[in-house]
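Encoded as structure tokens, the structure appears first; notes follow it.
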Amino acid sequence: MGRCKIAKSRPGEKNMSTKKMETCKIVSQEKIGNGIYSMWLQTEEIAGLASAGQFVSVYSRDGSRLLPRPISICEIDKERGCLRLVYRVAGKGTLEFSRLHAGISLKVMGPLGNGFPLEEARGRRVLLIGGGIGIPPMLETAKQLEAEKILVMGYKDELFLEEDLRGQGKLYVATEDGSAGTRGNVLDAIREHELKAEIIFACGPSPMLKALKEYAAQEKIVCWISMEERMACGIGACLGCVCQSKDIDSHSHVHNKRVCKDGPVFLSTEVEL
Amino acid sequence: MGRCKIAKSRPGEKNMSTKKMETCKIVSQEKIGNGIYSMWLQTEEIAGLASAGQFVSVYSRDGSRLLPRPISICEIDKERGCLRLVYRVAGKGTLEFSRLHAGISLKVMGPLGNGFPLEEARGRRVLLIGGGIGIPPMLETAKQLEAEKILVMGYKDELFLEEDLRGQGKLYVATEDGSAGTRGNVLDAIREHELKAEIIFACGPSPMLKALKEYAAQEKIVCWISMEERMACGIGACLGCVCQSKDIDSHSHVHNKRVCKDGPVFLSTEVEL
Amino acid sequence: MTDTRIRIAGVELKNPVMTASGTFGSGEEYSEFVDLNQLGAVVTKGVADVPWPGNPTPRIAEVYGGMLNAIGLQNPGIEVFCERDIPFLRKYDTKIVVNVCGHAPEEYLRVVERLAEEKIDLMEINISCPNVNANFLAFGQEPACVEQLTAQIKKIARQPIIMKLTPNVTDITEVARAAEAGGADAVSLINTLTGMKIDVQRRTFALANKTGGMSGPAVKPVAVRMVYQVAQAVEIPIIGMGGIVTAEDALEFILAGASAVSVGTANFFRPEATLEVVRGIEEYMEKNGVKHIQELIGAVR
Amino acid sequence: MTDTRIRIAGVELKNPVMTASGTFGSGEEYSEFVDLNQLGAVVTKGVADVPWPGNPTPRIAEVYGGMLNAIGLQNPGIEVFCERDIPFLRKYDTKIVVNVCGHAPEEYLRVVERLAEEKIDLMEINISCPNVNANFLAFGQEPACVEQLTAQIKKIARQPIIMKLTPNVTDITEVARAAEAGGADAVSLINTLTGMKIDVQRRTFALANKTGGMSGPAVKPVAVRMVYQVAQAVEIPIIGMGGIVTAEDALEFILAGASAVSVGTANFFRPEATLEVVRGIEEYMEKNGVKHIQELIGAVR
Ligand SMILES: Cc1cc2nc3c(=O)[nH]c(=O)nc-3n(C[C@H](O)[C@H](O)[C@H](O)COP(=O)(O)OP(=O)(O)OC[C@H]3O[C@@H](n4cnc5c(N)ncnc54)[C@H](O)[C@@H]3O)c2cc1C
Ligand SMILES: Cc1cc2nc3c(=O)[nH]c(=O)nc-3n(C[C@H](O)[C@H](O)[C@H](O)COP(=O)(O)OP(=O)(O)OC[C@H]3O[C@@H](n4cnc5c(N)ncnc54)[C@H](O)[C@@H]3O)c2cc1C
Ligand SMILES: Cc1cc2nc3c(=O)[nH]c(=O)nc-3n(C[C@H](O)[C@H](O)[C@H](O)COP(=O)(O)O)c2cc1C
Ligand SMILES: Cc1cc2nc3c(=O)[nH]c(=O)nc-3n(C[C@H](O)[C@H](O)[C@H](O)COP(=O)(O)O)c2cc1C
Ligand code: FES
Ligand code: FES
């Protein structure tokens with residue numbers, strides 16, 4: 001129940017009427033890596049409502065693909081009302097997005113889910129960890145966080161967003177092929193540099209999150225992780241996107257939490273990986 | 001069988017390898033009437049192969065609509081390799097087309113079907129009749145025909161393409177609401193002006209074609225009409241687009257002819273309306 | 001002025017537009033996008049006698065023009081439902097249809113009995129969820145079972161019941177007639193078509209459950225056909241669904257014989273779809289001079 | 001080097017890609033776009049003992065992600081077919097599969113008998129066309145009828161026979177088992193799903209025949225599911241179809257248990273679809289180090 005209180009203070013849960021379905025113009029589209037694209041969207045209200053670690057549902061323009069593509073918010077420009085999404089071409093939907101140029105519109109719903117609990121980390125020593133296409137949300141999280149920030153980013157080979165991240169704190173990099181930073185994964189980098197923190201915020205592939213959950217348990221530190229699951233509604237209605245929860249969830253009354261609404265950011269101890 | 005020989009000499013049937021599937025850039029798109037659009041397409045080979053009265057299959061860019069939209073060829077610019085299509089927004093597919101601007105590409109297959117037998121009419125007195133959205137193909141037909149041309153075009157109210165048509169022969173107009181030319185349909189115009197001809201080429205709605213068929217029978221003149229039917233393949237393989245033939249058809253061995261391949265232009269006496 | 005009111009088993013709906021069970025939760029999530037007061041009825045996610053955890057993930061897969069789901073009827077159980085979801089819905093001026101699921105007749109009966117005291121308007125009995133049983137034949141596919149279950153439920157039900165039919169049958173009219181014979185007040189159709197998707201890169205099933213229920217625009221032609229067939233076979237009202245996104249889609253069902261319609265998968269990509277359908281039907285009626293929606297029901301034969 | 005050869009009832013195909021009956025004529029029209037020599041087999045439009053005029057028009061309606069057809073099996077009859085279409089196809093280095101239709105067993109048997117003298121490789125027996133009979137139940141939906149017809153045909157057939165199954169049944173494994181019990185050399189599935197479209201502006205059916213057979217990408221999940229089910233139920237080879245457009249689609253069917261696949265509706269909007277599927281399968285095999293296509297058949301369980 002302690003957790004519940006924390007959750008209540010997380011962004012996105014305060015107000016019932018915070019999600020918008022909008023048609024957003026693409027402001028810019030840029031290839032920033034091998035199959036990795038960065039897109040700025042002009043929103044009406046979404047950017048204003050958004051916080052770090054939340055995501056948006058992006059809809060395909062082609063009627064054969066109806067479900068949303070959930071994409072994390074990489075940067076928020078509240079002044080201009082713009083959102084930055086950084087995504088990898090993984091299939092037909094993201095391929096479509098990557099081919100759209102500035103001026104074309106996309107249907108976007110958001111902001112969705114609960115972001116990272118920045119208040120929890122304020123003034124503390126924080127490890128911000130991103131792996132692969134889990135790196136983008138860590139940028140806005142780093143930007144907003146008022147704390148001692150240590151960034152650890154794990155790549156397969158080619159780096160992306162590292163310029164943007166470098167300004168946000170001490171940046172450590174791990175690459176699987178050893179082409180930059182530590183050879184290996186983010187935990188290898190953490191161990192190599194003997195990095196220590198009071199709290200972890202992380203987003204990345206399941207194996208990484210699983211390893212971090214164990215690491216945090218050993219080190220007895222609080223660890224918040226952002227999870228992924230296939231989605232249909234994106235707002236908590238269809239029960240498509242659940243992850244297993246340690247305890248019986250107060251909404252579902254079974255051992256399931258909805259990634260889209262109860263997450264995507266969870267305490268590592270409240271979910272099974 | 002006499003008809004069969006005529007058919008053999010119609011454009012499009014000579015060579016087996018005359019149909020192309022191409023991705024064509026839109027050169028221009030213009031609204032020329034209430035819900036009526038004119039689009040020029042840059043083709044690779046289709047324009048070079050096309051003749052008057054043939055049509056093309058235009059494919060939607062949206063994966064929810066897979067079947068072709070058959071659209072008649074309104075004008076052919078062989079030198080530039082361009083085709084003009086004039087179409088009415090009738091549903092979702094044509095609505096989509098109408099929203100595309102120059103530079104965007106469309107998948108087009110063609111040229112399809114058999115056009116008007118221009119040779120049959122050379123040097124004779126010809127009535128070129130168009131009704132509604134059947135008017136566009138009569139433009140290229142008029143342009144190519146070396147004959148004494150009398151054009152009779154029937155509209156609901158607002159005129160379109162009449163500027164283009166006026167240069168091609170003596171033009172008579174009928175409008176249902178009487179706002180221009182004869183009040184009524186094309187036959188009313190023919191009767192009002194006591195127009196006479198040795199041969200008719202016509203395209204328009206079924207009731208008009210039916211009336212012309214009867215008129216031609218009474219007047220004992222040869223009448224070629226261009227028919228419409230729902231299509232799937234557009235090339236004669238699926239048997240979706242048949243019309244009823246008076247005699248047993250030599251291909252189908254039943255009383256059916258394929259509009260897409262055996263037509264769309266038929267002798268009025270060879271089909272039931 | 002157009003009159004869109006319809007009646008199902010004596011319950012009057014202000015218009016024929018409902019939500020489809022399982023696609024709208026109990027209305028709370030979508031109340032951010034939709035004024036529930038404007039809907040004919042809200043149909044809730046299926047509820048069982050006890051909480052069900054549902055299937056493992058992935059539970060969702062996209063398919064061409066639609067989706068597969070294998071939620072496996074996760075639900076918090078009837079007690080929580082009565083305490084939390086019914087009071088929420090009762091704040092709105094809309095009818096409440098509770099969708100009921102179970103593994104066996106006793107389980108359905110327990111839920112129906114529990115609902116007797118509740119202020120709900122209709123019950124929809126889901127006998128067609130293909131995701132629960134490992135064997136492919138569910139008992140919603142056997143006319144005799146359907147008739148029997150319907151009769152058992154009718155015996156104890158305080159509210160009128162709608163039997164929800166599966167499309168995964170040779171002859172849906174047989175099943176519809178069985179429901180009618182058992183005393184059903186209405187039938188609703190279609191539930192999802194059983195489908196499968198294989199991930200060729202990973203060489204696995206896209207869904208943990210292997211098969212899932214297919215829904216969305218892709219299934220509409222099958223749904224319209226079945227509604228038409230059932231409309232020729234039974235006297236009780238039909239609630240039509242399967243792929244409805246627009247008012248035009250809804251009108252296809254109504255013209256085929258449905259008295260009301262449900263909007264399901266469309267909510268996921270057009271949260272305001274239900275309201276758009278309500279408005280679009282009104283516009284169609286006005287444009288075509290249709291005074292009462294009744295004139296449209298089954299008008300195409 | 002990849003080996004894409006497969007065998008169906010002793011007939012070796014150079015690759016598992018065929019055309020779907022009724023979507024490719026007898027190959028002539030598409031030979032402008034496709035080198036028929038590169039196809040595993042050409043399956044012809046259904047042929048009956050005498051010419052059939054088919055249904056009135058409209059015979060075609062577009063639906064979301066697919067189409068409805070109610071051609072009604074128009075065909076020139078077996079005599080013309082043998083004189084014209086078989087000689088045309090015999091010019092190519094591909095296998096010939098003749099699709100056979102009829103209203104009653106005697107009609108099928110007359111066609112099968114007439115084909116005995118012809119140099120064709122396989123016969124595909126269409127027992128599932130929903131467009132011919134006014135009543136909704138065709139005899140391809142009754143396992144007993146299927147077994148009996150299969151046995152009758154097997155008695156006189158000189159070429160191996162493929163029984164083509166309808167998806168409009170509660171349990172397709174029952175029908176597949178009946179075909180196997182009757183002696184079928186292979187089964188193919190799915191034929192079209194019965195659907196309906198209503199034109200709400202004109203308030204009429206979109207098809208003159210009211211209902212039509214649905215095909216195209218929209219039906220693929222149902223087709224893959226049924227191929228998987230049948231693969232668990234029978235020993236004879238399966239030819240999978242329903243919505244295949246790309247090599248990835250074809251591989252779904254193969255991984256689910258199909259030995260070969262047919263490309264149908266896709267020909268209408270991608271005339272070169274068959275060849276693209278052939279090439280795409282080869283590329284997939286090369287990329288994934290699959291030496292023989294056999295390794296993929298039914299590999300996902
Ligand atoms: C909360 C959340 C945040 C995400 N943030 C990002 C991000 O910032 N950048 C980024 O590149 N990717 C992100 N992803 C993953 C991204 O959603 C998928 O890569 C994308 O949906 C793939 O779509 P596709 O059409 O290209 O692939 P396809 O495989 O063709 O998609 C088919 C279907 O599967 C779904 N799907 C496929 N992969 C995933 C996945 N990994 N997670 C969820 N659904 C999936 C699609 O949404 C679609 O419905 C995020 C996922 C989640 C759940
Ligand atoms: C040989 C031929 C030539 C044609 N030439 C022209 C032309 O030059 N200009 C023009 O505006 N229209 C022409 N048409 C009609 C045009 O094809 C239809 O208006 C168009 O296909 C409608 O598509 P939609 O998506 O807007 O309508 P929808 O109603 O949404 O289309 C649904 C389906 O029905 C088919 N369909 C709808 N109406 C027709 C129709 N009248 N004929 C055939 N199929 C139809 C569509 O192709 C599509 O498959 C021609 C038709 C034929 C057969
Ligand atoms: C995610 C999801 C969950 C569903 N859950 C239920 C359910 O609990 N009970 C039920 O009767 N039908 C359920 N259905 C079926 C829908 O109510 C509806 O019958 C079906 O989806 C067809 O309509 P559609 O194409 O508009 O979605 C569910 C459908 C989906 C997509
Ligand atoms: C226009 C059309 C005509 C068809 N005619 C036949 C036929 O004569 N015999 C037959 O067995 N199947 C026929 N079919 C069914 C196809 O062979 C195939 O089983 C079905 O369309 C599913 O495959 P698809 O989705 O790839 O088209 C026809 C399908 C279409 C679309
Ligand atoms: S995607 Fe529907 S509950 Fe999360
Ligand atoms: S559209 Fe296929 S035969 Fe004419």
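When reading the values below, keep in mind they use all heavy atoms of this one structure, side chains included, and skip hydrogens, waters and symmetry mates. The model shown is predicted, which means the values in this text are computed figures rather than measured ones. Note on naming: letters A, B, ... go to the chains in the order of the sequence lines (proteins, then strands), and numbering restarts at 1 for each one.
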Original post:
Can you list the steps and then say if E62(C) with R69(A) is a side chain to side chain contact (heavy atoms under 4.5 Å, CB included)?
Top reply: CA-CA 11 Å; E62(C) 188 180 62; R69(A) 271 58 185 168; 2.7 Å; yes
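Nearest heavy-atom pair across P217(C) and L66(A) is CD-CD1, 3.5 Å. The nearest pair of heavy atoms linking E32(C) to T18(A) is OE1-N, 3.2 Å.
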Please list every donor-acceptor pair under 3.5 Å in which a side-chain atom of residues 228-238 of chain A meets a protein atom from a residue at least two apart or in another chain.
from    : atom 1 : to     : atom 2 : distance (Å)
E229(A) : OE1    : T57(C) : OG1    : 3.2

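Counting non-hydrogen atoms of other residues, nucleotides and ligands closer than 6.0 Å to NZ of K92(A) gives a total of 12 or fewer. In K210(A), the NZ atom is not crowded: 12 or fewer heavy atoms of neighbouring residues, nucleotides or ligands sit closer than 6.0 Å. Crowding of R99(A) atom CZ: a count of heavy atoms from other residues, nucleotides or ligands under 6.0 Å not exceeding 12.
Contact check for L239(A) versus R59(C): side-chain heavy atoms found under the 4.5 Å cut-off. Annotation: side chain of K19(A) is not in contact with side chain of E29(C) (no heavy-atom distance under 4.5 Å).
If you take CG on D62(A) and OH on Y64(C), they are separated by 6.0 Å, rounding to the nearest 0.5 Å.
Chain A is approached within less than 4.5 Å, heavy atom to heavy atom, by F268(C), F269(C), R270(C), P271(C) from residues 263-274 of chain C, ordered by number.
Note: S64(A) leads S252(A), G93(A), S64(A) in heavy-atom pairs under 4.5 Å with chain C.
For chain A, the nearby part of F24(C) is the backbone; its heavy atoms alone come within less than 4.5 Å.
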